[in-house]
Chemist: 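After the structure tokens below, expect a handful of questions from me.
Lettering of chains follows the sequences in order, A, B, ..., and the numbering in each one begins at 1.
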Amino acid sequence: MSKPLVETRDLRKLFPVRKLFRTLGHVHAVDGVNLQIMRGETLGLVGESGCGKTTLGRLILALIKPTSGTVLFDGKDVFKLKGKELLEFRRRAQIVFQDPYSSLDPRMMVFDIIYEPLLVHKRHFHIEDPEEYVVSLLEKVGLKREHLYRYPHEFSGGQRQRIAIARALALQPEFIVLDEPTSALDVSVQAQILNMLKDLQRSMGLTYLYISHDIATVKYMSDRIAVMYLGKIVELADSQELFEKPLHPYTQALLSAIPEPDVEAKRMKTRIILKGEVPSPINPPPGCRFAPRCFKRMDVCDKEEPQLVEVEKGHWVACHLYA
Amino acid sequence: MSGKERDVILKIEDLYVNFYTYAGVVKAIDGVNLEVYRGECLGLVGETGCGKSVTMRSVLRLIPPPGEIVKGKIWFNGVNLLELPESEMRKIRGNKIAYIVQEPSAALDPLYRVGYQVAEPMVYHGLVKSFKDAWGRVIQLFKSVMMPEPEERAKAYPHELSGGMKQRVVIATALSGETELLIADEPTTAVDVTIQAQIMDLLSKLRKERNLTLILVTHNLGLVAEMCDRVAVMYAGNIVELAPTEELFKNPMHPYVKGLLAAVPRITASKDVVLKPIPGFVPNLIYPPPGCRFHPRCDKAMPICKREKPAMKEVAPGHWVACHLYDNVKGVGDGNE
């Protein structure tokens with residue numbers, strides 16, 4: 001946990017909003033994000049829908065090009081990689097998508113789904129028995145040999161997600177972006193997948209970026225957590241620290257809004273109910289983006305944008321209260 | 001039910017619902033019994049496909065073909081809804097019993113202004129003479145669901161509103177009649193947590209103000225813990241446990257409910273707590289397992305569980321459970337219903 005495996009530098013992605021030939025404005029999906037993901041850790045990324053967390057995940061994997069800024073993977077700028085180097089990066093960094101119903105080709109059998117990455121990367125030359133190799137991957141994710149020649153529609157959501165994970169593991173990656181891997185699953189199955197991901201991380205030395213809107217699962221999975229609001233990281237801290245001492249008013253409201261499946265917890269908690277809704281990310285106002293909903297708003301919040309500063313060791317927050 | 005007699009607003013008796021599909025007959029609801037008391041908030045919890053929505057839709061007789069209510073009785077204020085003619089049923093739907101669906105955008109017609117859609121049931125049920133008269137009440141309803149700028153918003157089309165605001169419109173519609181029973185089917189699954197907090201806050205406020213009976217259908221155990229007086233847990237078409245909320249969370253009895261509570265990640269848990277998943281997955285209801293439908297996944301399964309379906313038994317006052325583990329436990333009153 002010393003050297004960052006992934007580093008973003010002032011990463012920015014604007015999507016133009018067009019009507020005919022005019023550009024009306026820009027969606028500030030990711031707006032100046034600086035993050036470091038250490039080798040072997042799980043960084044959790046939480047935020048509400050539309051805050052840019054998926055876009056950030058895709059930028060890190062170089063699936064889309066940023067408007068400005070860079071992403072360094074193992075010290076190299078991923079947007080400048082070409083040919084063999086790019087292929088090698090694609091092998092080392094993988095993704096598991098949110099919806100296992102649309103991320104698996106319905107016309108392919110499980111064997112083909114999992115074996116395809118090896119063909120694309122021309123790794124199949126090194127493998128003596130493809131079937132055995134795929135079976136070993138299936139076993140890692142809790143499936144069996146008998147599942148090898150079935151089609152995705154024959155599986156439940158949890159099993160499909162296992163197949164998607166096996167596919168991500170096929171090339172022995174180092175880094176996996178988990179984009180809401182359990183949001184389509186039920187609680188009892190969700191726990192199976194989360195535990196499996198944790199075991200795989202330990203046995204294969206993986207680094208995860210775990211993206212989710214479900215704060216309880218983020219806490220369960222992550223070593224450190226970054227909270228995102230409208231394209232910006234508003235708070236970043238050690239997982240335990242963030243829950244014990246949330247500093248940013250948004251984080252405080254977010255944590256207090258989660259209903260706990262516990263009758264004791266309910267009486268102790270005072271809930272902060274935010275006014276209004278997440279504003280449109282098209283041409284956001286100057287100053288702090290959370291200011292219109294903030295319950296601790298000051299005059300300076302409307303004018304100046306707060307910077308992400310380290311207020312305690314490893315605990316970063318972007319709020320004028322702590323400036 | 002034992003203990004003091006309480007005013008029962010809704011009683012579901014021995015309900016069976018089947019869906020006749022090409023693959024076979026899906027036995028979605030398999031003998032559900034449930035009483036809902038006037039003024040309470042009852043949580044109906046369970047995983048996808050366990051039949052919680054189907055049970056509630058049966059109450060309004062909104063089971064679309066190929067589904068069919070095979071047998072059972074549903075008493076609402078002493079009237080069996082399943083025997084009413086359709087014309088009488090229409091007077092109850094959206095008036096005495098209101099239903100809030102999961103996806104607010106699917107509940108609203110994209111071609112009409114939202115104010116019109118809130119007014120429509122009032123005009124239909126004869127609560128106001130015309131749409132013109134209804135408008136004032138629409139604005140009032142919008143105010144009571146805390147819609148910002150109600151006059152402006154009533155003239156908006158659904159696509160102009162955010163998810164949270166659409167859900168407020170749907171809630172306003174649900175309150176437009178002489179609502180006694182409000183069924184909220186996953187009212188916050190489509191919105192974010194901070195908006196969920198707003199909506200739930202609104203629902204509990206409205207419930208107190210109007211003395212509504214609320215049935216909250218959800219898969220979110222957290223919401224149930226915060227909102228509900230009693231909780232019923234469903235699994236594969238059966239209610240497996242029913243208890244006052246505090247009792248259920250402190251002293252769960254059915255192995256499925258115990259498993260479910262151990263499988264939920266909590267924000268108050270320390271880092272070292274490991275989630276205990278329930279092995280296996282929800283059974284196919286075309287060929288449900290014989291006996292107790294949970295036995296293939298149950299760690300305490302006994303031979304009897306494969307043969308006999310356990311009946312609901314009151315093991316403590318107000319705490320009902322359907323599990324063979326408690327066959328020999330002395331029940332309250334007569335036990336089986």
Side-chain angles (χ1 to χ4, degrees), chain A residues 46-51 142 155-159 182 184-196 198 213-223 238-240 243 250 253-266 268-269 271-280 293, chain B residues 45-50 146 148 161-165 188 190-198 200-202 218-227 235 244-250 256 259-271 273-282 284 297:
Chain A
V46 260
E48 295 179 281
S49 50
C51 74
F155 295 93
S156 68
Q159 286 174 315
T182 62
L185 309 176
D186 277 315
V187 210
S188 67
V189 178
Q190 166 177 290
Q192 295 172 1
I193 301 288
L194 293 181
N195 284 346
M196 186 183 85
K198 277 187 150 186
H213 66 274
D214 183 343
I215 297 137
T217 66
V218 170
K219 173 167 190 202
Y220 184 64
M221 291 296 290
S222 313
D223 302 304
D238 203 67
S239 166
Q240 205 69 28
F243 282 88
Y250 176 65
L254 199 62
L255 294 184
S256 86
I258 304 158
E260 270 283 275
D262 206 328
V263 274
E264 306 281 315
K266 150 179 150 190
M268 317 212 323
K269 203 154 79 177
R271 165 160 296 174
I272 305 162
I273 291 180
L274 290 179
K275 275 187 243 112
E277 317 201 351
V278 185
S280 153
R293 297 176 81 194
Chain B
V45 208
E47 295 179 286
T48 318
C50 72
M146 304 203 265
L161 303 178
S162 69
M165 281 200 268
T188 56
V191 297
D192 285 316
V193 258
T194 55
I195 308 298
Q196 167 174 291
Q198 293 175 353
M200 290 331 278
D201 189 52
L202 173 68
T218 179
H219 64 267
N220 188 335
L221 288 162
L223 281 184
V224 167
E226 296 207 345
M227 288 282 293
Y235 182 78
T245 309
E246 246 190 271
E247 171 80 6
L248 187 101
F249 282 91
K250 277 189 187 154
Y256 172 65
L260 208 55
L261 287 170
V264 197
R266 294 153 195 255
I267 55 163
T268 46
S270 85
K271 187 96 180 96
V273 177
V274 179
L275 296 181
K276 288 189 207 73
I278 304 174
F281 42 91
V282 182
N284 179 341
R297 300 176 77 185

Chemist: Please identify, among B:Thr48, B:Leu221, B:Leu260, B:Leu261, the residue contributing the most non-hydrogen atom pairs under 4.5 Å to chain A.
Modeler: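 Max contact count across the listed options: B:Thr48.
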Chemist: Looking only at heavy atoms and a cut-off of under 4.5 Å, which of B:Leu248, B:Leu223, B:Asn220 has the most pairs with chain A?
Modeler: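 Top option by heavy-atom pairs under 4.5 Å: B:Leu223.
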Chemist: If only atom types and distance count, is the side chain of A:Asn195 paired as donor or acceptor with the main-chain N or O of B:Leu275 below 3.5 Å?
Modeler: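 Answer holds: yes.
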Chemist: Name the member of B:Pro265, B:Pro279, B:Ala263 that forms the most heavy-atom pairs with chain A at distances under 4.5 Å.
Modeler: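 Option with the top pair count is B:Pro265.
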Chemist: Under a 4.5 Å heavy-atom cut-off, does chain B meet the side chain of A:Ile273, its backbone, both or neither?
Modeler: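 Interface part for A:Ile273: side chain.
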Chemist: Please rank A:Lys275, A:Gln192, A:Gln240, A:His213 by heavy-atom pairs under 4.5 Å with chain B and give me the top one.
Modeler: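 Greatest number of close heavy-atom pairs with chain B: A:Gln192.
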Chemist: When rounded to the nearest 0.5 angstrom, what distance separates CD1 in B:Ile195 from CD in A:Glu48?
Modeler: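 If we round to the nearest 0.5 Å, B:Ile195:CD1 and A:Glu48:CD are 6.5 Å apart.
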Chemist: Given side chain to side chain contact (heavy atoms under 4.5 Å, CB included), test B:Val282 with B:Arg297 step by step and report yes or no.
Modeler: CA-CA 9 Å; B:Val282 182; B:Arg297 300 176 77 185; 3.8 Å; yes
Chemist: Using a 3.5 Å distance criterion without hydrogens, assess whether the side chain of A:Glu260 forms a donor-acceptor pair with backbone atoms of B:Arg266.
Modeler: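 Between the backbone of B:Arg266 and the side chain of A:Glu260 there is no qualifying donor-acceptor contact (under 3.5 Å).
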Chemist: Of the backbone (N, CA, C, O) and the side chain (C-beta and beyond), which part of A:Tyr220 lies under 4.5 Å from a heavy atom of chain B, both, or neither?
Modeler: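 Contact with chain B: backbone and side chain both.
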Chemist: Which region of B:Val191, side chain (C-beta onward) or backbone (N, CA, C, O), has a non-hydrogen atom less than 4.5 Å from a non-hydrogen atom of chain A, or is it both or neither?
Modeler: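 For B:Val191, no heavy atom lies under 4.5 Å from chain A.
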Chemist: Do you see a donor-acceptor pair shorter than 3.5 Å between the side chains of B:Glu47 and A:Ser188?
Modeler: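 There is such a pair (donor and acceptor under 3.5 Å, judged by atom type) between the side chains of B:Glu47 and A:Ser188.
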Chemist: Look at the side chain of A:Ser256 and the backbone N and O of A:Ile272, then say whether any donor-acceptor pair between them is shorter than 3.5 Å.
Modeler: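 A pair under 3.5 Å: yes.
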Chemist: Got a donor-acceptor contact below 3.5 angstrom from the B:Asp192 side chain to the B:Thr194 backbone?
Modeler: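 The answer is no, because no donor-acceptor pair under 3.5 Å joins these two groups.
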Chemist: Need one label for A:Leu194: side chain, backbone, both or neither, based on atoms under 4.5 Å from any heavy atom in chain B.
Modeler: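 Contact with chain B is through the side chain of A:Leu194 alone.
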Chemist: Using non-hydrogen atoms only, which part of B:Met165 is less than 4.5 Å away from chain A: side chain, backbone, both, or neither?
Modeler: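 Backbone plus side chain of B:Met165, per the 4.5 Å heavy-atom cut-off to chain A.
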Chemist: Quick check on A:Thr182 against chain B: is it the side chain, the backbone, both or neither that has a heavy atom closer than 4.5 Å?
Modeler: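 A:Thr182 has no heavy atom closer than 4.5 Å to chain B.
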